[in-house]
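Let me begin by presenting the structure, written as structure tokens, before commenting on it.
Indexing begins at 1, ligand by ligand and atom by atom, following the structure's order.
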Amino acid sequence: MKVFKTVKDLGDLNVAVKEALEVKKNRFAYKALGENKTLLAVFFNSSLRTRLSTQKAAMNLGMNVIVLDVNQGAWRLETERGVVMDGDKTEHILEAIPVMGSYCDIIGVRSFAQFENKQDDYNEKILNQFIQYSGRPVFSMEGATTHPLQAFADLITIEEFKTKARPKVVLSWAPHPKALPQAVPNSFADFMNEADVDFVITHPEGYELDPQFVRGAKVEYNQNKAFEGADFIYAKNWSAFEDAHYGQILSKDRSWTVDTAKMQLTNDAFFMHCLPVRRNMIVTDEVIESPKSIVIQEAANREISCEVVLKRMLSEL
Ligand code: CP
């Protein structure tokens, strides 16, 4: 594996999940693979889970790890070609990326949507420059449009907790005070559409996601109806995708907050969220603290999803 951005990069999803469950049983079995190999984890944005789980996965595989917070201590990077660099940006990304590549064997990149130019975001301008110019295998630690390590961990978690062959999984929009990217719901849809689940997306009108990720999924605008019979509720906020309101908040309607009454409409569903979560905006204290909340197990599986990706990349170096 040279690139990890979408579900397609994993190949057969059943094989990938099986491999993840095997890795989880003995996460140090492949320690020799990463000996004398270095992971560079580059963060343009904040992180708790991705930062820790990626380092832990690399250490499980015997790798050395360098973490770079681009906005804290590195030179400010210019990303546009042709710009006269007479401002406050000291280094061009076109030199910085191959330099970073020269110090490592694999690169992980976190670079969120900037909401300044939809085309730049949906072309994954920063992540794709790392793929093009680093000379190294590159994986997304959440790009502008996808968060595949999260969605892979989500699928592993659903596989572990499901009690029927084909569970009903509902991705529900929920309110948030800030405009958030669509990366997590895009990737969740991307993975669920390939998994053996009955997948439903529910959100207020105007929050339609990119059709390339929604594909054949059922979209239900009535949240209560969507929740009926669900086995897994996956809550997440996202901002508008459509051109006229790209990156904007269209609603903060707290009637979409996942609460106990809504969970009672389900088939005693598990509650999932990628974290960090705004309590009593996205989900009530009662639901996230209930025995059906599996957000911690879900976060723990981030170590496993990353270890599978790194293991596959190391195998092909
Ligand atoms: N879910 C997730 O990616 O968490 P962090 O933003 O803390 O890495």
Side-chain angles (χ1 to χ4, degrees), residues 4-7 9-10 20 39-60 65-72 106-115 121 124 126-127 130 138-158 160-161 169 171-174 176-192 209 213 232-239 258 270-279 281-283 288 293-310:
F4 183 54
K5 288 196 294 188
T6 73
V7 70
D9 297 319
L10 280 177
L39 168 69
L40 172 60
V42 181
F43 288 90
F44 287 84
N45 309 95
S46 303
S47 167
L48 187 152
R49 280 143 290 276
T50 306
R51 178 183 297 270
L52 298 180
S53 61
T54 302
Q55 290 182 69
K56 180 63 166 65
M59 291 189 291
N60 292 349
V65 185
I66 304 171
V67 178
L68 177 67
D69 289 296
V70 174
N71 298 321
Q72 291 170 20
I106 296 174
I107 303 184
V109 181
R110 165 162 286 201
S111 176
F112 290 173
Q114 294 179 17
F115 293 146
D121 286 344
E124 289 287 358
I126 302 292
L127 184 63
F130 274 87
V138 173
F139 64 96
S140 168
M141 298 194 299
E142 187 170 345
T145 62
T146 66
H147 195 358
L149 286 173
Q150 180 65 54
F152 187 19
D154 297 333
L155 178 60
I156 295 164
T157 310
I158 289 170
E160 288 178 319
F161 282 87
V169 177
L171 167 62
S172 178
W173 181 93
H176 194 282
K178 293 189 171 177
L180 298 188
Q182 296 105 32
V184 168
N186 283 347
S187 274
F188 190 70
D190 201 25
F191 274 69
M192 289 304 116
L209 291 164
F213 298 109
F232 293 87
I233 298 296
Y234 193 99
K236 184 72 185 87
N237 173 266
W238 61 89
S239 59
V258 178
F270 291 103
F271 175 80
M272 300 178 72
H273 188 280
C274 63
L275 304 179
V277 69
R278 300 264 185 160
R279 282 182 178 221
M281 287 292 295
I282 299 278
V283 58
I288 200 165
S293 170
I294 52 174
V295 296
I296 306 304
Q297 296 91 329
E298 182 185 354
N301 277 333
R302 290 292 308 277
E303 176 184 339
I304 306 305
S305 63
C306 188
E307 186 165 342
V308 172
V309 170
L310 287 174

Subject >> Residue that, paired with T50, satisfies side-chain hydrogen bond (donor to acceptor under 3.5 Å, both in side chains) out of Q55, R302, Q150 >> reply: R302

Original post:
Do any N or O atoms from the side chain of N186 and from the backbone of T146 form a donor-acceptor pair under 3.5 angstrom?
Top reply: no

Subject >> N301 side chain to E298 backbone, donor-acceptor under 3.5 Å >> reply: no

**OP:** Anything with a heavy atom under 4.0 Å from ligand 1 counts, so go ahead and list those protein residues by chain and number.
**Re:** S47, L48, R49, T50, R110, H147, Q150, C274, L275, R302

**OP:** Look at R51 together with D69 and state whether they make a salt bridge at an N to O cut-off of under 4.0 Å.
**Re:** yes

**OP:** Not counting sequence neighbours, which residues clear side chain to side chain contact (heavy atoms under 4.5 Å, CB included) with S111? List them please.
**Re:** F44, V109, I126

Original post:
Is there a donor-acceptor contact under 3.5 Å linking the side chains of S239 and Q182?
Top reply: yes

